[in-house]
Amino acid sequence: DTGVSQNPRHKITKRGQNVTFRCDPISEHNRLYWYRQTLGQGPEFLTYFQNEAQLEKSRLLSDRFSAERPKGSFSTLEIQRTEQGDSAMYLCASSPLSRDDEQYFGPGTRLTVT
Amino acid sequence: AQSVSQHNHHVILSEAASLELGCNYSYGGTVNLFWYVQYPGQHLQLLLKYFSGDPLVKGIKGFEAEFIKSKFSFNLRKPSVQWSDTAEYFCAVRGNTDKLIFGTGTRLQVFP
């Protein structure tokens with residue numbers, strides 16, 4: 001399977017704990033995006049990378065959130081001191097460098113904060 | 001700020017009925033427009049996209065969408081739906097940055 005992969009697929013954590021999610025984009029895709037989706041809503045943009053450079057961050061991304069893409073391949077999204085409001089589906093997408101292409105989405109990581 | 005409105009939150013149809021899902025966006029510049037679909041238990045997939053040229057865009061599985069610039073709309077249509085079209089449909093816009101702005105989605109249920 002050469003699509004976008006995300007791990008873990010599900011994560012249950014207690015409030016106050018830190019969690020980290022991983023996204024592996026489609027090989028050779030330069031751009032990698034993180035979105036968050038809550039029930040009844042469409043995906044909301046969090047941040048994106050072009051290679052290893054983080055080019056844009058949403059105001060939704062509080063100081064507790066950090067994302068990295070250290071070698072321009074896979075990316076991690078870490079949430080520190082989780083809150084119940086962080087419960088959501090975290091989606092990763094990747095795309096080639098050209099703007100004439102769509103973003104390809106992974107299956108997501110569902111986070112539940114108890 | 002960019003925004004996308006999908007006014008139909010939940011649509012219920014019988015097989016063979018025609019479908020039109022509304023999408024309006026708010027952005028003053030050049031936009032790229034997308035419809036994504038999420039089938040039950042699956043990830044988001046692209047149905048169709050508009051970048052430029054012919055405002056009537058054809059996508060997969062018999063779907064099409066028409067970009068009407070004067071109305072800031074990009075409605076999705078299908079002349080005859082099937083049970084397998086049951087899914088959630090998201091309209092999205094991309095402006096001068098690379099992020100996608102999504103609507104809240106429309107849940108389509110098709111009954112045999």
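All values reported here derive from a predicted model rather than from experimental measurement. Just so we're on the same page: letters track the sequence lines, and every chain starts at 1.
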Any heavy-atom pair between the side chains of [Y] and [X] that's under 4.5 Å?
| X | Y | answer |
| --- | --- | --- |
| B:D98 | A:Y33 | yes |
| A:Q41 | B:F90 | no |
| B:Y36 | A:Q103 | yes |

Quiz item: Side chain, backbone, both or neither: which part of B:Q38 has a non-hydrogen atom closer than 4.5 Å to chain A?
Solution: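 Contact with chain A: side chain only.
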Self-check item: Side chain / backbone / both / neither for B:K49 at chain A, heavy atoms under 4.5 Å
Solution: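 For B:K49, side-chain heavy atoms alone lie under 4.5 Å from chain A.
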Verify same cluster id: [X], [Y] (apolar side-chain graph, 4.5 Å):
| X | Y | value |
| --- | --- | --- |
| A:L61 | A:W34 | yes |
| B:F63 | B:V4 | yes |
| A:I79 | A:L60 | yes |
| B:V31 | B:F74 | yes |
| A:L77 | A:L91 | no |

Near [X] [atom1], under 6.0 Å, is it more than 12 heavy atoms from other residues, nucleotides or ligands?
| X | atom1 | value |
| --- | --- | --- |
| A:I12 | CD1 | no |
| B:I60 | CD1 | yes |
| A:D63 | CG | no |
| A:R15 | CZ | no |

Quiz item: Sub-3.5 Å donor-acceptor pair from the side chain of B:Q42 to the main-chain atoms of A:P107, do we have one?
Solution: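 No, B:Q42 side chain to A:P107 backbone: no donor-acceptor pair under 3.5 Å.
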Quiz item: By a 4.5 Å heavy-atom criterion (distance strictly below it), what part of A:L55 contacts chain B: side chain, backbone, both, or neither?
Solution: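 For A:L55, no heavy atom lies under 4.5 Å from chain B.
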Quiz item: Does any heavy atom of chain B fall under 4.5 Å from the side chain of A:Q37, the backbone, both, or neither of them?
Solution: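 Side chain only.
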Quiz item: Which residues, numbered in order, of residues 100-112 of chain B come under 4.5 angstrom of chain A by heavy-atom distance?
Solution: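 Interface residues of residues 100-112 of chain B: B:L100, B:F102, B:G103, B:T104.
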Exercise. Please round to the nearest 0.5 Å and tell me the distance separating atom NE2 of B:H43 and atom OH of A:Y104.
Key: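 B:H43 NE2 to A:Y104 OH: 11.0 Å, rounded to 0.5 Å.
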Quiz item: How long is the gap from CZ on B:R94 to CZ on A:F45, to the nearest 0.5 Å?
Solution: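 Going from CZ on B:R94 over to CZ on A:F45, the span is 12.5 Å.
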